[in-house]
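Worksheet: the structure to be examined is printed underneath.
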Amino acid sequence: MQAVVAALVAAGALPAAIDRSRVLVEPPRDPSHGDLATNAAMVLAKDAGRKPRDLAEEIAAKLRADDWVAKVDIAGPGFINLTLKPQVWRAALGAAVAAGPDYAHGTAGGPPVNVEYVSANPTGPMHVGHCRGAVFGDALANLLAFAGRPVTREYYINDAGAQVDVLARSAFLRYREALGEDIGPIPEGLYPGDYLVPVGQALAEKFGAALRQQPESAWLAEVRQIAIDMMMGMIRDDLAALNVRHDVFFSERSLIEGAEGAKTGDQVGATIATLRAEGKVYEGRLPPPKGAPPEDWEDREQTLFRATDFGDDIDRPLKKSDGSYTYFASDIAYHKNKVARGFDDLIDVWGADHGGYIKRMQAAVKAVSDGRAALDVKIVQLVKLLRAGQPVKMSKRAGDFVTLREVVDEVGKDAVRFMMLYRKNDAVLDFDLAKVIEQSRDNPVFYVQYGHARGQSIFRNAREVLPDLPEDPKDWAARAALLAGASLDRLDDPGELALMRAVAQFPRLVEAAAVAHEPHRIAFYLYDLASAFHGQYTRGGKDSPHLRFIIQDDPQLTLARLALVQGVITVLSVGLGLLGVEAPDEMR
RNA sequence: GCGCUCGUAGCUCAGCUGGAUAGAGCAUCAGACUUCGAAUCUGAGGGUCGGCGGUUCGAAUCCGUCCGAGCGCGCCA
């Protein structure tokens, strides 16, 4: 397209200085308009001082000369619709089959990117509320990595706040219990969950009765660390059950107290000092919050980050009244640490309740990187857990919540992952435990997986016609070698062409989804592809047996159609892989 | 009071970053099983894209303003 515009400029039909940036070429929404559409004539007409339709005629004439173009139409206010020759799609299918698992790989490279997700407090097992962010972050990281960017997956362990001291005290109580003491009901303010019982037992085994009569100051740090380590072990197991993984588990405490060996010292204090030297931190006063002022509001001089200089609405405090750092202060130091490790591109995945935090964190990232680094915060909205349309009630009793593990055990990780991604991340999501195990079109997980299984089933059956087919469904290379000899010219049914187009579109889709940080686009695309495939499959029914994939007396045609099936299941398999969902060879 | 997010078919949601007659699934109605897996498919009806203005060749999409929902608003993380 650009070449055509250039030619027109050269021919004097268009001014040389014309702005081409708005010229787009993309598949139209309505397939009956052709394979590609461009707005070039409309966009360029004004600057050129020409009527859009006249200009369109001129451009169309050039396009008709192209080898790949079968048809050019001008429609509406000046759209130019291109229909490509089937050879284009056949070539794309051939490429997909040949590339196998690498199809669409590396479509959108770029600098290293750091994705932080989950970062649940290490005070207990993961609950359902965590799983959406976990799945989203993991799939986004998969997507970026597959698109060709070096990705680091990170978990920030909030092991420095007051809540881990509560954890330590709760664990200590279980320790006394493990030593045979009757501890009665768990006091208000401590974590009551049974998951702390093993921690108490571990403490009892390690220390015997040694800690029992000691004051809190003597045992707090050690008990805390053991409890945190055990909680993180549980969390990692929970994440593993969801097929979520991280490369780096980063401790907040290590920022404040220094990493092992204490070489790094207090990075939070150092960060504040640096910012202060740059004039980005000052001592000052804040106005009380509007609306409902807190009872204990106290107007005092405090250490503030000049967030308003970087786009935030108000400057933000860095120290509590007792002199310790606010969570925000250590978060600044943490993000500065990420920048120092070479990441100029940061992505954080947060829950909806942290929405009010985005501006200040983006301001902080700008401040600590001199504007070089950018932070994109993806908010995942609430998940409403249902069973057959009815809300799953969580008991109000503290410590009694639905754990992530319970949900995964009930419906499986594939269903959880797919459904979490079958929605935009910033829209609330209903998750119905009854529906996701249904085996019907109403359940997208099943529907897409069934598409893959059905494709593999065709290969199993096709061995009657083509005995040379490799038996192993996972041996894509052997299949690709055989299918390379297929005469793809035999694929000329409109349904087949539509499937080829869909397969050809996948690399573009991966690129767009990666750039937009939107893994849900993959899920929707896969559903559409599965739908087109199921449709073509059923078309080869009683009325049109000649459209069946396997034609008994025509091995060559069968081979060509198997190449199409292989293209489809390649994309289904790669796409499901990005989402972290299995692509089964058969449904059971 | 302020900020962020959202508002699309009866229900649950897409809409490729400004394109053509706004699309799927469920539900409703009408059809297709001596089949490579009917666990599927084909078709029909159903819409002031929350309202009103603006920007332009063109708006569900961008801007303004109302209405409605959710989340947040020193020393919780």
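Order of the sequence lines sets the chain letters (A, B, ...), proteins ahead of strands, with each chain counted from 1.
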Answer yes or no: side-chain N or O of A:H520 and base N or O of B:rA14 forming a donor-acceptor pair under 3.5 Å.
no
Rounded to the nearest angstrom, tell me the gap between atom [atom1] in [X] and atom [atom2] in [N].
X: A:F431; N: B:rC13; atom1: CZ; atom2: P; value: 14 Å
X: A:M419; N: B:rU12; atom1: CE; atom2: P; value: 14 Å
X: A:L526; N: B:rC16; atom1: CG; atom2: P; value: 18 Å

Would you mind telling me which of [options] lies closest to the side-chain atoms of [X]?
X: A:T538; options: B:rA77, B:rC75, B:rU40; value: B:rU40
X: A:M42; options: B:rC76, B:rA20, B:rG19; value: B:rG19
X: A:Y537; options: B:rC13, B:rU17, B:rA38; value: B:rA38

Any sub-3.5 Å donor-acceptor pair from A:D554's side-chain atoms to A:L557's backbone N or O?
yes
Would you say the side chains of [X] and [Y] form a donor-acceptor pair under 3.5 Å?
X: A:D348; Y: A:H335; result: yes
X: A:H534; Y: A:R454; result: yes
X: A:N121; Y: A:T123; result: no
X: A:R479; Y: A:Q566; result: yes

What does [X] touch in the nucleic acid at a heavy-atom separation under 4.0 angstrom: a base, only the sugar-phosphate, or nothing?
X: A:E464; result: nothing
X: A:Y357; result: base
X: A:K424; result: sugar-phosphate
X: A:R423; result: sugar-phosphate
X: A:A513; result: nothing
X: A:Y327; result: base
X: A:A160; result: nothing
X: A:T326; result: nothing
X: A:R548; result: base
X: A:G535; result: sugar-phosphate

Partner of A:F533 under ring-ring contact (aromatic ring centres under 6.0 Å, His included), picked from A:F549, A:Y450, A:Y527, is A:F549
Centroid distance under 5.5 Å and plane angle under 30°, A:F79 vs B:rA20:
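The base of B:rA20 is stacked with A:F79 (centres under 5.5 Å, planes under 30°).
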Without placing hydrogens or testing angles, list every side-chain donor-acceptor pair under 3.5 Å for residues 374-384 of chain A, not counting sequence neighbours.
unit_1 : atom_1 : unit_2 : atom_2 : d
A:D376 : OD2    : A:H517 : ND1    : 2.7
A:K378 : NZ     : A:H517 : O      : 3.3

What pairs of nitrogen or oxygen atoms, one from the protein and one from nucleotides 23-30 of chain B, lie under 3.5 Å apart?
none

Interatomic distance at P, B:rC62 relative to B:rG15, whole Å:
13 Å
Short N-O contact, A:D165 and A:R224, less than 4.0 angstrom
yes
Less than 4.0 angstrom between a side-chain N/O of A:K359 and OP1 or OP2 of B:rC2, yes or no?
no
Does OP1 or OP2 of B:rA38 have a side-chain N or O of A:R454 closer than 4.0 Å?
yes
Tell me whether A:E283 at atom CD has more than 12 heavy atoms from other residues, nucleotides or ligands lying less than 6.0 Å away.
yes
A:Y155-A:Y117 aromatic ring centre distance below 6.0 Å:
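Aromatic pair excluded; centres sit 6.0 Å or further apart.
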Paired stretches of RNA chain B - 3 or more consecutive Watson-Crick or G-U pairs, each distance under 3.5 Å:
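So far as stems of 3 or more pairs are concerned, RNA chain B shows B:1-5 with B:69-73, B:10-13 with B:23-26, B:28-32 with B:40-44, B:50-54 with B:62-66.
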RNA chain B: A:F328 or A:M587, which has the more 5' nearest nucleotide?
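Nearest nucleotide further toward 5': that of A:M587.
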